[in-house]
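Letters go in sequence order (proteins before strands), and every chain restarts at 1.
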4 protein chains.
Amino acid sequence: MKPEKSKRKPGRPKASESPGTMTQLLRTASFLFMEHGYEKVSLETVAQTCGVTKASVYYYFSNKAVLFTEALLFVLKMAYDQTAAVIEGPGTLKERLQEVARRHMRNQHVDFETMMREAATDLNEEQIRTVREREADIHRLLERVFAKAMDEGEMKRSDPLLLSHAFVAMMTVRNRNEIVNDVRTAGQAAEEIVQLIWVGIAPPHS
Amino acid sequence: MKPEKSKRKPGRPKASESPGTMTQLLRTASFLFMEHGYEKVSLETVAQTCGVTKASVYYYFSNKAVLFTEALLFVLKMAYDQTAAVIEGPGTLKERLQEVARRHMRNQHVDFETMMREAATDLNEEQIRTVREREADIHRLLERVFAKAMDEGEMKRSDPLLLSHAFVAMMTVRNRNEIVNDVRTAGQAAEEIVQLIWVGIAPPHS
Amino acid sequence: MKPEKSKRKPGRPKASESPGTMTQLLRTASFLFMEHGYEKVSLETVAQTCGVTKASVYYYFSNKAVLFTEALLFVLKMAYDQTAAVIEGPGTLKERLQEVARRHMRNQHVDFETMMREAATDLNEEQIRTVREREADIHRLLERVFAKAMDEGEMKRSDPLLLSHAFVAMMTVRNRNEIVNDVRTAGQAAEEIVQLIWVGIAPPHS
Amino acid sequence: MKPEKSKRKPGRPKASESPGTMTQLLRTASFLFMEHGYEKVSLETVAQTCGVTKASVYYYFSNKAVLFTEALLFVLKMAYDQTAAVIEGPGTLKERLQEVARRHMRNQHVDFETMMREAATDLNEEQIRTVREREADIHRLLERVFAKAMDEGEMKRSDPLLLSHAFVAMMTVRNRNEIVNDVRTAGQAAEEIVQLIWVGIAPPHS
DNA sequence: AATGAATGAGTGTTCATTCAT
DNA sequence: AATGAATGAACACTCATTCAT
């Protein structure tokens, strides 16, 4: 969390190098917030990670709450698009769920709800509402897919929205070192998690 | 923010040290940390909630990291004892899991892993290790119970430790207002979550 | 906050320089500075009020101190002209003083001296001197009028410059809500103030 | 305004040296606010002038608005007491007014109303009300004295509250260098101001 | 056993100012 | 003629921590 002075330029050169400071700030902030939560990420850190000053952050975002909100909307949009592409794509439902899980577990990230609670005192009604709405979109997307699958006999009947939340919640196991470590990759964990919720834990004969 | 040195001698404090205030601080801190996370809880808040001054907190706990650590150990011990009592008690496995879920969902609390990550920069190696160990105890307890149940045919075979983590992770749905609200209580959510993981989502005929 | 260097060349700018924007900036700045004082008025505010960007302000005025100075000279010139027109115009001295007071009290404005003190650290010697000189012009105008009136027996003898300052100072009562409110307009207050200083407060018989 | 590092201790030693940090902060803040206004006085300056750190200021006053409010109440109380002692004391009304003027002009200070307007955005309703009330107390004190004097024939009839405001407003001439300078002291200016308002400016014969 | 006083290091935020275009 | 982008310096405010009593 101590923003190290980075001289930059180890990556791709020139041409695509500058996708606009604002976009870079948004990307960086998204990553940092998701990785560390709201409070631990200072604007100073975001700025220095992008190689600009704190004041520049304020040039683009009027305050921390706004940056946070826009950063979250940014990742939620990406998450929605990715999830939609996969879940409505080809393959069996189980395979598609596994792919969703794999992608979701690719990076570590804090619990979304915990992060929102942390930020809640800084955000205004509308900001909270907007973020929550975009998050709910993802759950509603899954809900629809689940409901349809249930109708078509691809899944057992249950509350599809609850299932969606439970499904997403299970992916936080990716953060536990006892689970995802040298012997088991995040990808494997994703598959096993889906297998678990797929077959359930009831004894075979019951 | 420069911890590293925990001058406090380990082990139980002398009986002469007023257990009243100290226990109260521990209880209060436990509750506040679980409710709001590490950063958002200031020692001032803990002190005021207990009706003492900030300096008094330092009288009992050499710094915030120590208070946090001991507070977590406090709740983890309670959680372990409660879980053990229930999970090793009477009733079918499913019933016992439901009771564990019900108790765990009784209060809102932040995601444990997220909170630990928040606090990680302040805690030293040993503190992290100790807390993680006590948390792991709970997972190992569940792991043992699951393994035994699998052996005895009460459960389908799967990785019992992964299952334990997934099970606990699912309980964070308690925090979502779309799930636990006026129409569905935390208790009901607990039951449905257990039902979900119990029967799985695979179609009945497969 | 490091002024000292006013690169702007003195004298009237070339006619080609769009007088529109510059004049508008000057007018806006004058109004805002008089209404709120030096510190509270940011260049951003001035710019936005004029519908241009902050950088545009710098295009016309090399820094805040210069804008402030020129804005003040702008209003002082207007004030001088207006005062001169009235005070040297027709009517009895008392009537003319009342008209001067009425016009001066038309708008609320901060105390001139207080504002100058606020800005003093930013202005250089010359800027302060110039503004003060133009302010002094107004006092000298009144001084001359008073002196002449005393000579001609239209007024009691006293220090005409002190009187001028006292006269202007009294007009700040326009800002007090206890004085100028629903029951007494600024115009009425102006008349009563003049009446007060006109007849004095000594008992009638003394 | 650049708070110089002051090693202190050039004054009276020990015993009476420490009248309590809080009182010292209050006195210092009062002086600085009255001398420079609200915005120009930073808490850092107040702190360093007292030889403590900014954080110490916050130990005693929860924010700048509170410090400002209490500082003003502090000076207003002193001003009231002093004014009351003089104005209700012995001597002719004119002599007493002169003494009040002399004391009021002893130190330079910004226009009260201008300062309040500067601070207004930071203060809450109650703080503004309280300060205004204490300021009004002084005007009411003068108003009562004036009203009584009018009843007893010691003064000409006029609006006593307006007179009070006008009287106080006139004292700001103390800040003008053209008025109070080498040839005329503040004390002399005080006397001449009172003389002016006492006799008025109307020609003797009218 | 407990506290009042004080502080250093941050954090969010504002603003005058610069410069390339 | 005008601006978008970027910055440095200051400021209000918070908080964990220390220490003498």
**Asked** With a 4.0 Å cut-off on heavy atoms, is S42(C) in touch with a base, just the backbone sugar-phosphate, or nothing at all?
**Response** sugar-phosphate

**Asked** Whole-Å distance between dA16(F) P and E39(A) CD?
**Response** 11 Å

**Request:** Among dG12(E), dA2(F), dA6(E), find the nucleotide with the atom closest to the side chain of L43(A).
**Result:** dG12(E)

**Message:** In whole Å, I'd like the distance from the CZ atom of F68(B) to the P atom of dA16(F).
**Reply:** 13 Å

**Prompt:** Which one of E35(A), H36(A), M34(A) satisfies the side chain to side chain contact (heavy atoms under 4.5 Å, CB included) criterion with L32(A)?
**Reply:** H36(A)

**Item:** Nucleotide of dT14(E), dA6(F), dA16(F) approaching A55(A) most closely (side-chain heavy atoms)
**Value:** dT14(E)

**Message:** As a test of reading the structure: which of dG8(E), dG4(E), dT3(F) is closest to the side chain of T53(B), going by heavy atoms?
**Reply:** dG4(E)

**Request:** Report the residue from F112(B), F74(B), F68(B) that forms a ring-ring contact (aromatic ring centres under 6.0 Å, His included) with F33(B).
**Result:** F68(B)

**Message:** Within the 4.0 Å heavy-atom criterion, would you say Y60(D) contacts the bases, only the backbone, or no part of the nucleic acid?
**Reply:** sugar-phosphate

**Asked** Can you tell me if the side-chain N/O atoms of T21(C) get under 4.0 Å from OP1 or OP2 in dA2(F)?
**Response** yes

**Fill in**
Rounded to whole Å, the OH-C1' distance (Y58(D) to dA16(F)) equals 17 Å

**Message:** Here's a test of your reading of the structure: between M22(D) and A65(A), which maps to the more 5' nucleotide of DNA chain E?
**Reply:** M22(D)

**Request:** Output the single nucleotide from dT17(E), dA2(E), dA6(F) whose closest atom is nearest the side chain of Y59(B).
**Result:** dA2(E)

**Message:** Please check this pair: side chain of Q127(B) against backbone of N124(B), looking for a donor-acceptor N/O pair closer than 3.5 Å.
**Reply:** yes

**Request:** To the nearest Å, give me how far apart CG (D122(B)) and C1' (dC15(F)) are.
**Result:** 11 Å

**Prompt:** If you draw the axis of the six-membered ring of Y58(C), does the NZ or CZ of K64(C) fall within 45° of it and under 6.0 Å from the ring centre?
**Reply:** no

**Request:** Select from K40(B) and K64(D) the residue whose nearest nucleotide in DNA chain F is closer to the 5' end of that strand.
**Result:** K64(D)

**Fill in**
Taking a pair to mean Watson-Crick or G-U wobble geometry with both distances below 3.5 Å, dG10(E) pairs with dC13(F)

**Prompt:** With no hydrogens and no angle check, do the side chains of K40(B) and T121(A) hold a donor and an acceptor under 3.5 Å apart?
**Reply:** yes

**Item:** Rounded interatomic separation in angstrom, taking CD from E118(C) and P from dA16(E)
**Value:** 12 Å

**Side chain of N63(C) - closest among dT17(E), dA2(E), dA6(E)** = dT17(E)

**Request:** Under a 3.5 Å limit for both distances, which nucleotide forms a Watson-Crick or G-U wobble pair with dC15(E), could you say?
**Result:** dG8(F)

**Complete:** Between V41(C) and K54(B), the residue closer to the 5' end of DNA chain E by nearest nucleotide is K54(B)

